[in-house]
Amino acid sequence: MAKKKEKKEKKAGKRMSKKELAALLIDFFHAKSSETLSMKYIFSELRLTTHPQKMLCVDILHDLLADDYISEIEKGKFRLTNHGTEMVGTFQRKSNGKNSFIPEGGGEPIFVAERNSAHAMNNDKVKITFYAKRKNREAEGEVIEILERANDTFVGTLEVAKSYAFLVTENRTLANDIFIPKDKLKGGKTGDKAIVKVTEWPDKAKNPIGQVIDILGQAGDNTTEMHAILAEFGLPYVYPKAVETAADKIPAEISAEEIAKREDFRKVTTFTIDPKDAKDFDDALSIRKLKDGLWEVGVHIADVTHYVKEGSIIDKEAEKRATSVYLVDRTIPMLPERLCNFICSLRPNEEKLAFSVIFDITEKGEVRDSRIVHTVINSDRRFTYEEAQQIIETKEGDFKEEVLTLDTIAKALREKRFSAGAINFDRYEVKFEIDEKGKPISVYFKESKDANKLVEEFMLLANKTVAEKIGCAPKNKKAKVLPYRIHDLPDPEKLENLSQFIARFGYKVRTSGTKTDISKSINHLLDDIHGKKEENLIETVSIRAMQKARYSTHNIGHYGLAFEYYTHFTSPIRRFPDMMVHRLVTKYMDGGRSVSEAKYEDLCDHSSNMEQIAANAERASIKYKQVEFMSERLGQIYDGVISGVTEWGLYVELNENKCEGLVPVRDLDDDYYEFDEKNYCLRGRRKNKIYSLGDAITVRVARANLEKKQLDFELIEK
């Protein structure tokens with residue numbers, strides 16, 4: 001009889017697993033975090049009516065007590081253990097609701113459920129309360145205050161209904177579309193790309209509310225899409241009128257008294273070597289013979305800071321931007337066009353002001369003497385890389401003796417650098433040939449040849465020399481403040497991973513020893529893989545093991561170049577750190593005192609961050625063009641190589657055009673595949689089939705989503 005009754009009771013309430021009930025209980029305690037809850041109250045609120053359910057609940061309460069997740073205030077009365085730990089840090093939003101909190105000053109990320117997020121946005125500075133950590137559960141937090149909004153603007157496509165509109169975003173951090181009242185549309189129509197500012201996100205509302213800041217144009221239009229990429233990364237896509245007006249007022253003429261203050265190189269053979277589509281020539285080379293075997297080589301850099309005064313409206317804009325941004329089909333310059341393409345650009349047959357590093361150097365690359373001086377130059381010729389390359393290869397053409405001598409010296413400098421332990425990452429770039437509407441019509445690979453390397457070596461030498469002149473202080477003297485370009489040693493753990501990864505291809509790399517030992521071993525690896533099918537892949541994984549170069553006033557040297565002192569001096573038209581260095585070197589040469597280290601370290605951090613953002617935007621524009629290019633090749637079959645492995649699928653890079661797409665794990669339907677992070681592979685649970693990084697693979701182009709800049713491939717079994 002009792003058994004029958006129990007059966008009935010079981011039926012009465014829904015049968016819940018321990019896991020389900022535990023989740024329900026935890027949520028309940030969080031919802032009532034400030035209250036003390038009796039057992040009876042818990043049973044009633046959670047509708048636990050059957051005996052087994054109640055017993056299961058008691059069991060879970062004991063677990064929670066043991067884990068210090070709840071406290072028993074008095075017999076049978078419980079409360080959430082809130083250790084009162086309040087923490088400040090950064091909120092990271094994920095569109096799947098798995099948000100996290102990164103504590104200030106480091107520490108493990110803390111999970112923040114959507115219900116506890118207080119609608120914080122990605123990268124907001126927030127204060128959380130921290131719940132006690134349970135066994136087998138991640139630590140959890142709840143946002144109690146939003147201290148500082150990081151970003152309240154989003155880019156997306158408008159969908160306009162009769163009395164309201166939405167911005168549909170492809171942003172991976174925002175799960176919900178943004179609601180826009182009709183009067184805040186700024187004339188936007190369905191299908192327009194727009195920038196929207198979130199103005200509020202009411203507590204109970206599912207969607208944030210926003211207003212249109214700017215309409216970029218019709219989705220799918222090339223300029224609209226490029227501007228959308230810039231806006232997505234918070235980069236400017238128009239140049240402020242006031243700054244351009246200020247630049248228009250700068251006189252281009254050079255006065256006789258300015259020339260009198262400078263070393264005159266106008267009669268010395270001088271030329272520029274640049275990409276064929278370049279307009280801003282910020283470096284030129286001059287060369288003249290001093291005696292047999294000894295040459296004077298001048299590295300002449302546009303004297304931008306002569307025209308752009310510190311603190312001026314142009315300077316403030318350049319500081320904010322910190323770098324020019326190079327998208328697939330356009331350059332977004334750091335300086336107004338009049339300066340970068342006209343006044344400062346070292347154009348042929350025009351007198352120009354330069355800041356120069358002059359070397360007395362042998363053909364074996366031995367520097368006998370060097371000096372840094374302000375000069376006036378007049379370039380005799382503008383070479384493209386292709387033209388200079390042809391002279392190097394055929395030994396014929398304009399200024400052939402000068403070009404060939406510079407090539408000889410550059411090769412000697414390069415040789416020296418590698419024997420000192422510089423790392424030789426010689427990557428090709430994927431470029432698109434684009435028609436007048438911005439449509440990609442073909443893909444080609446840009447390789448670095450002798451002409452590129454010639455220019456590179458002299459720029460490296462100039463940057464290194466400037467850094468040494470300021471950084472090498474006499475004994476017992478403190479070096480004056482300068483922004484250096486620094487590069488740390490590889491991360492030991494990542495080196496270890498690299499070593500394990502390349503072992504499967506039969507290669508080795510040293511993971512310990514002196515830094516020269518390690519760099520020589522990396523170079524040896526790069527030589528070994530040259531021309532092999534796994535070259536691009538191993539090079540990519542090797543680069544990931546490296547630290548990122550950045551700017552800092554604290555010099556630790558540049559590991560990748562094997563230089564103890566290195567700075568950026570040679571590109572002031574397109575990089576703000578070079579402008580800072582020009583100003584400081586001028587100041588110190590005139591006997592000026594050292595500047596504030598803290599101020600310049602902040603500027604270095606800002607420049608490093610902007611460089612990273614610009615690189616991300618550049619990658620996004622390449623990705624967009626790759627997807628656009630492949631969208632006309634749906635259904636076509638290509639050979640490729642697995643270039644990335646994640647729990648959601650395999651990234652495959654096509655051999656023919658280096659476009660990358662994803663084979664989603666859901667499409668690998670012959671087995672249940674698990675991600676093995678350590679070995680960069682997906683492994684089938686039943687048949688044990690393995691897909692590893694570097695495997696050759698054949699795929700069909702399945703889908704191309706321009707909005708998401710995403711290509712999907714299907715696997716073709718051979």
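By convention here, the first residue in the shown sequence is residue 1. All of these numbers come straight from a predicted model, not from anything done at the bench.
- Identified under the ring-ring contact (aromatic ring centres under 6.0 Å, His included) test for residues 305-357, with sequence neighbours left out: Phe355-His374, Phe355-Phe569, Phe355-His582.
- Under the ring-ring contact (aromatic ring centres under 6.0 Å, His included) criterion, Tyr385 pairs with no residue, sequence neighbours left out.
- With sequence neighbours excluded, the residues forming a ring-ring contact (aromatic ring centres under 6.0 Å, His included) with His568 are Tyr551, Tyr566, listed by chain and number.
- Using a 4.5 Å heavy-atom threshold, the side chains of Glu310 and Thr305 count as separate.
- Counting only residues at least two apart or on different chains, no ring-ring contact (aromatic ring centres under 6.0 Å, His included) pair has a member in residues 584-611.
- Around atom NZ of Lys309, more than 12 heavy atoms belonging to other residues, nucleotides or ligands sit under 6.0 Å away.
- Looking at heavy atoms from C-beta onward, Thr272 lies out of side-chain contact with His300 at the 4.5 angstrom threshold.
- Every residue two or more places apart in sequence or in another chain that forms a side-chain contact (heavy atoms from CB on, under 4.5 Å) with Ala410 is listed here: Leu454, Glu457, Phe458.
- By the salt bridge (charged side-chain N to carboxylate O under 4.0 Å, His left out) test, Lys249 pairs with no residue at all, sequence neighbours left out.
- Listed by first then second residue, pairs satisfying salt bridge (charged side-chain N to carboxylate O under 4.0 Å, His left out) with a partner in residues 586-595 number zero, not counting sequence neighbours.
- The stretch residues 558-577 participates, sequence neighbours left out, in these salt bridge (charged side-chain N to carboxylate O under 4.0 Å, His left out) pairs: Arg575-Asp578.
- The side-chain contact (heavy atoms from CB on, under 4.5 Å) test applied to Asp248 returns Arg338, not counting sequence neighbours.
- Looking at heavy atoms from C-beta onward, Phe359 lies out of side-chain contact with Glu296 at the 4.5 angstrom threshold.
- Screening residues 479-498 for ring-ring contact (aromatic ring centres under 6.0 Å, His included), with sequence neighbours left out, gives His487-His558.
- Counting heavy atoms from C-beta on, the side chains of Phe271 and Arg382 never come closer than 4.5 Å.
- The environment of Arg347 atom CZ is dense: over 12 non-hydrogen atoms of other residues, nucleotides or ligands sit within 6.0 angstrom.
- A heavy-atom distance below 4.5 Å is not found between the side chains of Ser286 and Arg288.
- In this structure, Arg381 forms a cation-pi arrangement with Phe383, its terminal cationic atom sitting closer than 6.0 Å to the ring centre and no more than 45° off the ring axis.
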Evaluate side-chain contact (heavy atoms from CB on, under 4.5 Å) for Val373 paired with Val357, printing each intermediate quantity in order. CA-CA 6 Å; Val373 284; Val357 190; over 6 Å; no

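- In plain terms, the two heavy atoms of Ser345 and Lys352 that are nearest each other are O-CE, 3.0 Å.
- Residues Met610 and Leu235 have side chains in contact (heavy-atom distance under 4.5 Å, counting atoms from C-beta outward).
- Residues passing the side-chain contact (heavy atoms from CB on, under 4.5 Å) test with Thr362, sequence neighbours excluded: Leu294, Lys364, Glu366, Arg368.
- The number of heavy-atom neighbours closer than 6.0 Å to NZ of Lys416, taken from other residues, nucleotides and ligands shown, is above 12.
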Output, in order, the C-alpha distance, side-chain angles, deciding distance and verdict of side-chain hydrogen bond (donor to acceptor under 3.5 Å, both in side chains) for Glu601 and Thr553. CA-CA 6 Å; Glu601 189 59 24; Thr553 54; 2.5 Å; yes

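- The heavy-atom pair separating Asn349 from Asn378 by the smallest distance is CA-OD1, 3.1 Å.
- Remark: Ser542 engages Phe425, Leu498, Leu525, Ile538 in a side-chain contact (heavy atoms from CB on, under 4.5 Å) (not counting sequence neighbours).
- In this structure, Arg93 contributes its side chain and Ala120 its backbone to a donor-acceptor pair below 3.5 Å.
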